[in-house]
2 protein chains.
Amino acid sequence: MSNSDDLPFEITLKVRDTCLCLHVRRAARTLARRFDEALRPLDLTSGQFSLMMSLNRPEPPTIGSVSALLAMDRTTLTANLKPLERRGLVKVMVDEADKRSRRMALTPAGRALLAAAYPRWERTQAEIERLVIQSDSTRPDSTRAGADAFRINLRALS
Amino acid sequence: MSNSDDLPFEITLKVRDTCLCLHVRRAARTLARRFDEALRPLDLTSGQFSLMMSLNRPEPPTIGSVSALLAMDRTTLTANLKPLERRGLVKVMVDEADKRSRRMALTPAGRALLAAAYPRWERTQAEIERLVIQSDSTRPDSTRAGADAFRINLRALS
DNA sequence: GTCCATTATGTTGATATCAACCCTCCTTGT
DNA sequence: ACAAGGAGGGTTGATATCAACATAATGGAC
């Protein structure tokens, strides 16, 4: 069955306890589920909310710039646009100054839906932030320093 | 174009800077890509590595227990098993004591591949851990305390 | 002006993720 | 026994994610 080439169980325990990829992805799945649930009444996912929020700006951004902002593959963003376009929430247009580029913009319906989603985001975010603060027993005095340090750590990995 | 019901740009900037769901998912995508790259010579993804590592234990676990460990939907785990089963790395069997349950186990080929993947994980993990430590300027004295606090934060969200 | 390397994006195929729905098996109350 | 409720999993359909390949437009070198 098992032989000396197998990975010892102790190694497995170490990987489970320390692997940053596993820890971050676990948290990502859990958070996504929680925000998905909060936004479900609006038929929006957490990813769609983040994407639409990225488009709420004066000048419509390009595919490449937003995919860099969200740290996702360019082609993933292309795919994620499809359902939003189909629902008339987002519009994609060729950039006349550089015809290779596409510019994405929220439609009026998209802006309205985003505004309706914001209070739900705010409520959920406050709940989550509390979990981060409570978990940080090494910073007993700080209300926000722990959450800010956590975000700094996350940004260093992005 | 825009009206008073629209979300102000300042709100968008606040969400971008603080949204924990966005920050964690960004980091998750980036880390997954990085570990995927490290494991590509073995034709393993980071998720497959984590799953196989979860199965490297004396007693074969059930679907439900592993999906809880990985904080993923039960049905996602079922789907993730398919390519590993097809490659003969994992075996799924009905639990004779409770015929509703399935028990997953690595095959000899699976154990060998996992052992071959471990050094690549270790190297990549060390690189990533360094990024976490370096980013934590509020803990100048600590080499690992920052990374440990980071993991505690992550676990609180899982 | 023409060629060519680069840039920005789309397409396809495979895996990942989850909700909704369905089935089977176990357990408990009677 | 046995019927009802619950627990453990699978399937389907939609979206998410990325690598590999392909296309079109730009910008320089000459």
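Throughout, a chain's letter reflects where its sequence line sits, starting with A, and its residues are numbered from 1. Just so it is clear, the values below take in all heavy atoms, side chains as well, and ignore hydrogens, waters and symmetry mates. All values derive from a computational prediction rather than experimental measurement.
Computed from coordinates, the A:Arg102 CZ to D:dA25 C1' distance equals 10 Å when rounded to whole Å. In this structure, the CD1 atom of B:Ile63 is 14 Å from the C1' atom of D:dT11, given to the nearest Å.
Checking the phosphate oxygens (OP1, OP2) of C:dA8, no side-chain nitrogen or oxygen of A:Ser101 falls inside 4.0 Å.
Taken residue by residue, residues 92-100 of chain B places heavy atoms nearer than 4.0 Å to DNA chain C at B:Asp98, B:Lys99, B:Arg100.
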* Stepwise side-chain contact (heavy atoms from CB on, under 4.5 Å) test for B:Gln125 and A:Lys14 -> CA-CA 12 Å; B:Gln125 168 77 4; A:Lys14 185 184 76 170; over 6 Å; no
* Go through the steps to decide whether B:Thr62 and B:Arg100 satisfy the test side-chain contact (heavy atoms from CB on, under 4.5 Å), and finish with yes or no. => CA-CA 10 Å; B:Thr62 64; B:Arg100 295 171 302 181; over 6 Å; no
* Contact letters for nucleotides 14-21 of chain C, in which S counts primed atoms plus P, OP1 and OP2 and B counts the base, heavy atoms under 4.0 Å -> -SSBBBB-
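By the criterion of side-chain heavy atoms lying less than 4.5 angstrom apart, applied directly or through intervening Ile, Leu, Val, Met, Phe, Trp or Tyr residues, B:Leu13 is not grouped with A:Tyr118; the two fall into different hydrophobic clusters.
A:Met72 has its side chain within reach of A:Asn80: a pair of non-hydrogen atoms, C-beta onward, lies under 4.5 Å apart. For the pair B:Leu70 and A:Leu22, the minimum side-chain heavy-atom distance is below 4.5 Å.
With respect to the salt-bridge test (charged N to carboxylate O, under 4.0 angstrom), the residues B:Asp148 and B:Arg151 qualify.
The aromatic rings of A:Phe150 and B:Phe150 lie tilted to each other, with the angle between the two planes from 30° to 60°.
The side chain to side chain donor-acceptor pair (under 3.5 Å) test with B:Arg25 singles out one residue from A:Ser46, A:Ser50, A:Ser158, and that residue is A:Ser46.
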